A.B. asks: 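First, the structure itself, so that you have it in front of you.
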Amino acid sequence: MKIAIMGFGVVGSGVGEVVTKNREMLIKKCGEPIEIAHILDLRDFPDSEFKCFTKDFNDILNDPEVGIVVETMGGTKPAYEFSKQLLLAGKSVITSNKELVAAHGTELMQIARERNLNYLFEASVGGGIPIIRPMFSCLTAGEATDVFGILNGTTNYILTQMFQKGESFENALRAAQQKGYAEADPTADVEGHDTCRKIAILSALAFGNEVKTDRIPTEGITKISAADVAYAEKLGYSIKLIGHATKAEDGGVYAAVFPAFVPKTNPLAGINDVFNGIIVKGDDLGDVMFYGRGAGKLPTANAVVADVVDAIKHQGVNIIIKWNEYKEENQSDGKLQKYPYYVRFEGGRVSGLEGCTVVVFNDEEYRDEFAVLTNALTGDELEAFIKAAEEKGCKAVSKLRLIGE
Ligand code: HSE
């Protein structure tokens, strides 16, 4: 099988490495050698062992011998147009590009389905963790109720380095970039957009319908302070960036991204560094958990190459992935969704707050402040709670959701 790679960055070059290193083993697994015929990238790689670089997409599109194309370019432009043209030309496409899958996956899967091709994206969520296939295959017999995930290796690495090892945000981010974990623009990691795309993909797989990322409330990790971490520790929690998708009270699916207090008794609390963890809750199933390296060259490249092998084994056969097109009523805005909250107040301690547990430190450093853990509240109820507290003379400086055990 001749394949092509579009985008020779961290993941694309990892794919080249894995295909070369594991050549003999891969022949046994798919019954034929995998030959890399073209590598598309605008940069030059004079020292690379590969001699098939091109800057012209048409070299891939018009090569009738190329049946599978790996898209590891990232972003939607030009990855969307390229992927669409390739599928329309009869080539299967394998991607690690979560932004593209979240934005245009519905259409690209539809084109693949109509042509008995495959558009596969195991590497788009959780790096090397097998999560996409279990979601559309092994877990299909029952109804999912919730998906909770630590889905971004960079932010989990940063949180671990900062709050367990005392590193600064800047140094931790730089190290994550050097290790090849971060996006080209790491804002996508630290502001939660990468997690947003991944929970959109998991939500579509778990509940069967596309959700729109611009309707997923998304908050990153930049506002978390050392004081929040101190309160979390005191109370037996870790702080993690969580993607959550759940069946909402109003019948739709509610997906959101937020830094959360996670009790140490929840296995997600113990997931550190670049590792990701995903818990899927089902009605018959109870809890299932997936764990592994969520970013990095070779773990992610392994997931891509496994998809290539699957596409070779399924030539002429579309692997059915239940993923219906977006309908507004299928996505909830979460108005009725309740979470307990941690809220930290500065400007003095007040009394008479109802529906919460009050937490104080005796240290001098925290003398003029306190925090509360509230009962489960909707967003509107939380705002009313904070307003009532602030009328007593304090000021809310941070609020984070709590997730359960
Ligand atoms: N920047 C992403 C992360 C890469 O840190 O998880 C893997 O999708």
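Everything quoted here is computed from the prediction, not taken from an experiment. Any value given below was found using the heavy atoms of this structure, including those in side chains, with hydrogens, waters and symmetry copies removed. Indexing begins at 1, ligand by ligand and atom by atom, following the structure's order.
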A.B. asks: Just list the side-chain donor-acceptor pairs under 3.5 Å for residues 271-280, sequence neighbours left out, or say none.
C.D. replies:
residue : atom : partner : partner atom : Å
Asn272  : OD1  : Gln164  : NE2          : 3.3
Asn272  : OD1  : Lys240  : NZ           : 3.1
Asp273  : OD1  : Gln161  : NE2          : 3.2

A.B. asks: When you look at CD of Glu390, are more than 12 heavy atoms from neighbouring residues, nucleotides or ligands closer to it than 6.0 Å?
C.D. replies: yes
A.B. asks: Quick test: of every protein heavy atom, which one is nearest to atom 2 (C) of ligand 1, and how far off is it to 0.1 Å?
C.D. replies: Glu183 OE2, 3.1 Å
A.B. asks: Could you note down all residue pairs passing side chain to side chain donor-acceptor pair (under 3.5 Å) where residues 83-93 supplies at least one of them, sequence neighbours left out?
C.D. replies: Tyr80-Lys84, Lys84-Glu107
A.B. asks: Under 4.0 Å, heavy-atom basis, I'd like to know which part of Asp194 is in contact with ligand 1: side chain, backbone, both or neither.
C.D. replies: side chain
A.B. asks: Have a look at Gly296, Gly127, Gly294, Gly153 and point out the one with the heavy atom closest to atom 7 (C) of ligand 1.
C.D. replies: Gly294
A.B. asks: If you count heavy atoms of other groups shown closer than 6.0 angstrom to NZ of Lys234, is the number above 12?
C.D. replies: yes
A.B. asks: Does the Asn318 side chain pair with the main chain of Asn118, one donor and one acceptor, at a distance under 3.5 Å?
C.D. replies: no
A.B. asks: With heavy atoms of Thr154 as the reference, note each atom of ligand 1 found under 4.0 Å away.
C.D. replies: 1 (N), 3 (C), 5 (O)
A.B. asks: Run the numbers for me: atoms of ligand 1, each under 4.0 Å from some heavy atom of Lys198, listed by number.
C.D. replies: 2 (C), 3 (C), 6 (O), 7 (C), 8 (O)
A.B. asks: For ligand 1, which atoms sit closer than 4.0 Å to a heavy atom of Ala295?
C.D. replies: 3 (C), 4 (C), 5 (O), 6 (O), 7 (C)
A.B. asks: Any atoms of ligand 1 less than 4.0 Å from a non-hydrogen atom of Tyr181? List them with their elements.
C.D. replies: 1 (N), 2 (C), 3 (C), 4 (C), 5 (O)
A.B. asks: Identify, by atom number and element, the atoms of ligand 1 in contact range of Asp189, meaning under 4.0 Å from any of its heavy atoms.
C.D. replies: 1 (N), 2 (C), 3 (C), 5 (O)
A.B. asks: Got the closest protein heavy atom to atom 8 (O) of ligand 1, with its distance?
C.D. replies: Lys98 NZ, 2.6 Å
A.B. asks: Please report the interatomic distance CG(Leu86) to CG(Leu108), rounded to the nearest 0.5 Å.
C.D. replies: 10.0 Å
A.B. asks: For the residue pair Tyr119 and Phe121, does the interplanar ring angle fall in the parallel (under 30°), tilted (30 to 60°) or perpendicular (over 60°) class?
C.D. replies: tilted
